[in-house]
Amino acid sequence: ETGVTQTPRHLVMGMTNKKSLKCEQHLGHNAMYWYKQSAKKPLELMFVYNFKEQTENNSVPSRFSPECPNSSHLFLHLHTLQPEDSALYLCASSQDLTGEYTIYFGEGSWLTVV
Amino acid sequence: AQSVTQLDSHVSVSEGTPVLLRCNYSSSYSPSLFWYVQHPNKGLQLLLKYTSAATLVKGINGFEAEFKKSETSFHLTKPSAHMSDAAEYFCVVSLPNSGYALNFGKGTSLLVTP
């Protein structure tokens with residue numbers, strides 16, 4: 001248990017659906033992240049939030065829309081996804097954005113787009 | 001450009017024998033370096049980290065890694081492998097010139113045989 005909780009753990013959605021992934025951290029951290037893990041590829045950073053403000057958007061298509069209502073919660077809204085978007089989506093948090101702090105990961109949400 | 005390279009995509013060892021997972025990084029700045037482990041269907045767990053203190057870093061579960069600036073390496077070792085060590089291992093670098101974003105290697109899959 002890392003203190004970072006992701007729901008749902010598994011999601012199957014059609015290409016025309018709208019769904020959301022949720023992440024919650026109970027660690028009192030100020031920074032939160034979304035990563036994408038695809039087969040045979042390195043983890044890709046998607047978004048970074050620090051004190052609820054987005055500080056990084058790593059050229060992610062607009063069909064992925066993040067939302068950070070407060071420092072403890074992070075959402076990833078999904079709309080008109082493609083089959084190649086099927087992957088494990090990992091949420092993470094850290095005390096701050098400096099390299100000194102450990103980043104803690106949730107167990108991920110497995111997304112399958114059909 | 002890839003800033004972290006894991007030299008082996010798969011490593012197989014016998015239970016009770018030493019483990020060596022190799023990682024090289026490229027950076028003109030002083031990096032922070034991490035090793036994370038991912039067991040099947042689980043999120044990433046921090047094994048150890050180097051942040052400019054002692055060059056030999058001890059982590060959880062008997063793992064350790066040595067930062068060698070002259071070789072730009074941060075190899076992960078363990079004297080004696082256990083069956084439970086079978087997992088995917090990621091070498092990660094955090095660079096100050098990239099906002100301390102984590103750059104992941106492609107991962108090394110460790111297989112431990114009886």
Side-chain angles (χ1 to χ4, degrees), chain A residues 1-10 21 23-25 27 29-50 53-60 87-111, chain B residues 1-10 23-27 29-54 57 59-60 65 67 74 87-109:
Chain A
E1 176 59 51
T2 63
V4 181
T5 304
Q6 291 187 240
T7 54
R9 293 295 315 280
H10 299 270
L21 304 180
C23 177
E24 185 173 1
Q25 55 97 358
L27 301 168
H29 290 167
N30 299 311
M32 295 189 77
Y33 313 75
W34 279 116
Y35 282 85
K36 177 183 178 183
Q37 186 176 25
S38 305
K40 300 181 181 180
K41 284 186 178 181
L43 266 79
E44 303 169 60
L45 178 65
M46 300 175 73
F47 301 103
V48 180
Y49 278 81
N50 195 32
E53 298 297 320
Q54 188 179 126
T55 60
E56 184 94 18
N57 177 338
N58 204 19
S59 303
V60 180
L88 177 65
Y89 289 85
L90 290 163
C91 175
S93 72
S94 63
Q95 181 63 41
D96 205 334
L97 285 183
T98 67
E100 297 284 322
Y101 293 106
T102 298
I103 295 185
Y104 294 87
F105 287 83
E107 295 196 337
S109 293
W110 285 98
L111 173 66
Chain B
Q2 183 72 22
S3 57
V4 58
T5 303
Q6 291 183 244
L7 298 162
D8 307 293
S9 58
H10 295 86
C23 173
N24 286 98
Y25 69 92
S26 57
S27 173
Y29 301 89
S30 296
S32 295
L33 294 156
F34 309 78
W35 276 98
Y36 279 86
V37 61
Q38 186 176 33
H39 288 91
N41 300 316
K42 295 288 186 182
L44 288 98
Q45 181 184 19
L46 179 71
L47 277 178
L48 49 81
K49 66 177 181 180
Y50 166 78
T51 55
S52 74
V57 182
I60 62 171
F67 173 69
F74 191 58
E88 190 84 12
Y89 290 79
F90 294 93
C91 182
V92 185
V93 62
S94 172
L95 299 170
N97 62 320
S98 64
Y100 294 104
L102 293 187
N103 291 284
F104 281 77
K106 292 186 178 180
T108 298
S109 179

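Residue numbering restarts at 1 for every chain, and letters A, B, ... go by the order of the sequence lines.
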Task: Side chain, backbone, both or neither of B:Q6 within contact of chain A (heavy atoms, under 4.5 Å) - done: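 Neither part, no heavy atoms under 4.5 Å.
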- [ ] Could you tell me which portion of A:Q6 (side chain, backbone, both or neither) has an atom closer than 4.5 angstrom to a non-hydrogen atom of chain B?
- [x]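 For A:Q6, there is no contact with chain B at all, as no heavy atom is under 4.5 Å.
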Task: chain B contact via A:L45 - side chain, backbone, both or neither, heavy atoms under 4.5 Å - done: side chain
TODO: For B:Y50, check side chain to side chain donor-acceptor pair (under 3.5 Å) against everything at least two apart and list the hits.
DONE: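 Testing B:Y50 for side chain to side chain donor-acceptor pair (under 3.5 Å), a comparison that skips the adjacent residues, returns none.
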Task: For A:P42 against B:G105, the heavy-atom pair lying closest together - done: CB-O, 3.9 Å
Task: Exercise: identify the closest heavy-atom pair between B:Y36 and A:I103 - done: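 Result for this residue pair: OH-O, 2.6 Å.
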- [ ] Measure the spacing between CD of A:E44 and CG of B:N103 and express it to the nearest 0.5 Å.
- [x] 12.0 Å
TODO: Please examine the side chains of B:L44 and A:L43, heavy atoms only from C-beta on, and report whether any two atoms are closer than 4.5 Å.
DONE: yes
Open item on the list: So, using ring-ring contact (aromatic ring centres under 6.0 Å, His included) as the criterion, who are the partners of B:Y89 when residues are at least two apart?
Closed with: B:F63
